[in-house]
Amino acid sequence: MKRVAMTGAAGRVGTLLRPLLRSHVEHLSLIDLQEPDGLGENENFVRADLTKLDEATAALKDIDGVVHLAGIASGIDMNAILHANVLGTYNLYEAARINKVQRVVYASSNHATGFYPRGQLVSPLDPMRPDSPYGLSKCWGELVAGLYYDTSGIRSLSIRIGNAGTYPNSERSVAIWISARDLAQLVRIGLSHPLIAATVVYGVSDTEEMWWENDLAARLGYQPQDRPRDHARIEGGSEGPVALAFQGGGFCEINHDGTIRMRDAEGLAKNLETVE
Ligand SMILES: NC(=O)c1ccc[n+]([C@@H]2O[C@H](COP(=O)([O-])OP(=O)(O)OC[C@H]3O[C@@H](n4cnc5c(N)ncnc54)[C@H](O)[C@@H]3O)[C@@H](O)[C@H]2O)c1
Ligand SMILES: O=C(O)[C@H]1O[C@@H](O)[C@H](O)[C@@H](O)[C@@H]1O
C-alpha cells in the first residue's frame with residue numbers, strides 16, 4: 001500500500017500503531033483534531049474534523065487506504081458519540097467514496113457484542129449485542145462499512161478490538177488484550193488481503209481465555225505473536241456483578257437496573273437472576 005491515512009492518529013492506539021505501520025507504507029498521513037507527537041520522515045499531519053464532510057473529503061485526497069481510529073473511545077455522552085462516531089464514520093466513508101479510496105480498516109470494538117455473557121464463545125457472525133451508546137456506535141460503523149462495500153466496492157476490515165492498552169491491567173483485559181504488534185499485523189491484513197469485502201474479526205492476542213471464535217481472522221492469515229498473561233500488570237479494582245457477568249465489563253453497568261438477564265439466539269429469556 002502506498003499512501004495510507006490514519007484518522008485519530010494522535011490518540012492512544014494511533015500512537016502505538018504508527019511506528020509499526022509507517023515502515024510498511026510509502027506514506028502515512030495523520031488525520032486528527034490535534035497534532036500527534038514526533039512526525040516520522042514519511043508522515044505528515046492533516047488537521048481535520050471528521051464531523052465536517054468537506055474537511056474529511058479534503059483529508060483523503062490521493063489516499064489509497066485508511067485506518068479509521070478517530071472518535072470517542074468510551075462513554076455515554078450520546079450527543080458527543082453521535083457526532084464523532086456516528087456522523088464522523090459516515091463522513092469518513094463518504095469521503096472515501098468521493099476520493100475513490102479502496103480500503104478502510106475500521107477500529108470497531110468488543111463493545112459491539114459486550115452483552116454476551118462471559119464464558120460464551122461469540123463469533124463475528126452472531127447478532128450484535130451492544131452494551132452502551134458507545135457500543136451501539138461501533139455497530140453503526142460496521143454497518144456503514146457493509147453499505148459502502150455494497151454500493152461502492154470499498155473493502156473494509158472491521159476489527160472488534162478487545163483492549164489495546166499498553167499492557168493488560170485487569171483479569172478482564174488479560175482475556176481480551178491485543179498487543180500493538182498483533183494489532184498492527186491485523187491492520188496490515190486489513191489494508192491488503194484480496195478476499196476482504198466487509199469483514200468483521202475480533203482483535204485479540206494469543207489469549208488463554210478465548211471469548212471469541214476468531215477463525216475468520218486466522219483464515220486471513222492472522223497469527224498473533226503475544227500472550228496477554230506474559231504482559232499483565234494487574235492493578236486491582238474489583239468488578240461488580242453486572243460487569244462480571246458480561247464480556248463488556250463496566251460498560252454494561254451504564255443505565256443497568258441490576259437485574260441480570262440472559263437470552264438465547266432466538267431472543268428468548270434463558271433465565272432471570274436478580275442481583276443486589
Ligand atoms: N483503546 C482501546 O482499548 C480500544 C478498544 C477497542 C476499540 N478502540 C477504538 O479504537 C479507536 C482509537 O481508540 P483510542 O483509545 O486511541 O482513543 P483516543 O481517545 O485516545 O483517540 C481518539 C482520537 O480521535 C480523535 N478524534 C476524535 N474526534 C475526532 C473528529 N471529529 N475528527 C478527527 N479526529 C477526531 C481524537 O482527537 C483522538 O486523538 C477508537 O475508535 C476506539 O473506539 C479502542
Ligand atoms: O473494553 C475495553 O477494555 C476497551 O474497549 C474499547 O472499545 C474502549 O475504547 C476502551 O476505552 C476500553 O478500555
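Just follow the structure's listing: the first ligand is 1, and inside any ligand the first atom is 1.
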Check whether [X] reaches the backbone of [Y] with its side chain - one donor and one acceptor, N or O, closer than 3.5 Å.
X: Ser109; Y: Ala112; value: no
X: Asp32; Y: Glu35; value: no
X: Asn42; Y: Val25; value: yes

Checklist entry - Is there a donor in the side chain of Gln247 and an acceptor in the side chain of Trp212, or the other way round, less than 3.5 Å apart? => result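 Checked: Gln247/Trp212 side chains pair up, N/O donor to acceptor below 3.5 Å.
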Checklist entry - Hey, does Lys138 sit under 4.0 Å from ligand 2 if you only count heavy atoms? => result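 So Lys138 does not count as touching ligand 2.
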Checklist entry - Is it the side chain (CB and beyond), the backbone, both or neither of Ile161 that lies under 4.0 Å from ligand 2, heavy atoms counted? => result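 Neither part.
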Checklist entry - Out of Ala164, Gly165, Ala73, whose heavy atom is nearest to atom 10 (C) of ligand 2? => result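 Of the listed residues, Ala73 has the closest heavy atom.
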Checklist entry - When you measure from atom 4 (C) of ligand 2 to each heavy atom in Gly75, Ser109, Gly162, which option holds the nearest one? => result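 It is Gly162 whose heavy atom sits nearest to atom 4 (C) of ligand 2.
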Between ligand 1 and the protein, find all N/O pairs closer than 3.5 Å and give the distance for each.
| residue | atom | partner | partner atom | Å |
| --- | --- | --- | --- | --- |
| ligand 1 | 3 (O) | Ala164 | N | 2.8 |
| ligand 1 | 15 (O) | Arg12 | NE | 3.0 |
| ligand 1 | 15 (O) | Arg12 | NH2 | 2.8 |
| ligand 1 | 16 (O) | Arg12 | N | 3.0 |
| ligand 1 | 16 (O) | Val13 | N | 2.8 |
| ligand 1 | 20 (O) | Arg12 | N | 2.9 |
| ligand 1 | 20 (O) | Arg12 | NE | 3.3 |
| ligand 1 | 24 (O) | Gly71 | N | 3.4 |
| ligand 1 | 31 (N) | Asp49 | OD1 | 2.9 |
| ligand 1 | 32 (N) | Leu50 | N | 3.0 |
| ligand 1 | 37 (O) | Asp32 | OD1 | 2.6 |
| ligand 1 | 39 (O) | Gly11 | N | 3.2 |
| ligand 1 | 39 (O) | Asp32 | OD1 | 3.3 |
| ligand 1 | 39 (O) | Asp32 | OD2 | 2.7 |
| ligand 1 | 41 (O) | Leu69 | O | 2.8 |
| ligand 1 | 41 (O) | Lys138 | NZ | 2.9 |
| ligand 1 | 43 (O) | Tyr134 | OH | 2.5 |
| ligand 1 | 43 (O) | Lys138 | NZ | 3.0 |

Contacting atoms of ligand 2, where contact means under 4.0 angstrom from a heavy atom of [X]:
X: Tyr134; value: 6 (C), 7 (O), 8 (C), 9 (O)
X: His111; value: 1 (O), 2 (C), 4 (C), 5 (O), 6 (C), 7 (O)
X: Asn163; value: 2 (C), 3 (O), 13 (O)
X: Asn110; value: 1 (O), 2 (C), 5 (O)

Checklist entry - Looking at Leu121 and Asp126, what are the two nearest heavy atoms and their distance? => result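 Result for this residue pair: O-OD2, 4.2 Å.
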Checklist entry - Parallel under 30°, tilted from 30 to 60°, perpendicular over 60°: which one fits the rings of His68 and Tyr106? => result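 Rings of His68 and Tyr106: parallel, as their planes differ by under 30°.
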Checklist entry - Tyr90 vs Tyr148 aromatic rings, parallel, tilted or perpendicular, using cut-offs 30° and 60°? => result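 Tyr90 vs Tyr148 ring planes: perpendicular.
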Next on the checklist: Tell me if the CZ atom of Arg227 is crowded by more than 12 foreign heavy atoms within 6.0 Å.
Outcome noted: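 12 or below, so no.
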Checklist entry - Should Met210 and Val204 count as side-chain neighbours, where that means a heavy-atom distance under 4.5 Å? => result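 Yes, at least one pair of side-chain atoms sits under 4.5 Å.
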Checklist entry - Polar-atom distance check: Arg172 versus ligand 2, any N or O pair below 3.5 Å? => result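 Yes: some nitrogen or oxygen of Arg172 is under 3.5 Å from one in ligand 2.
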Checklist entry - Is it true that Glu142 and Arg160 make a salt bridge, defined as a side-chain N closer than 4.0 Å to a carboxylate O? => result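 Judged by the 4.0 Å cut-off on N to carboxylate O distance, Glu142 and Arg160 do form a salt bridge.
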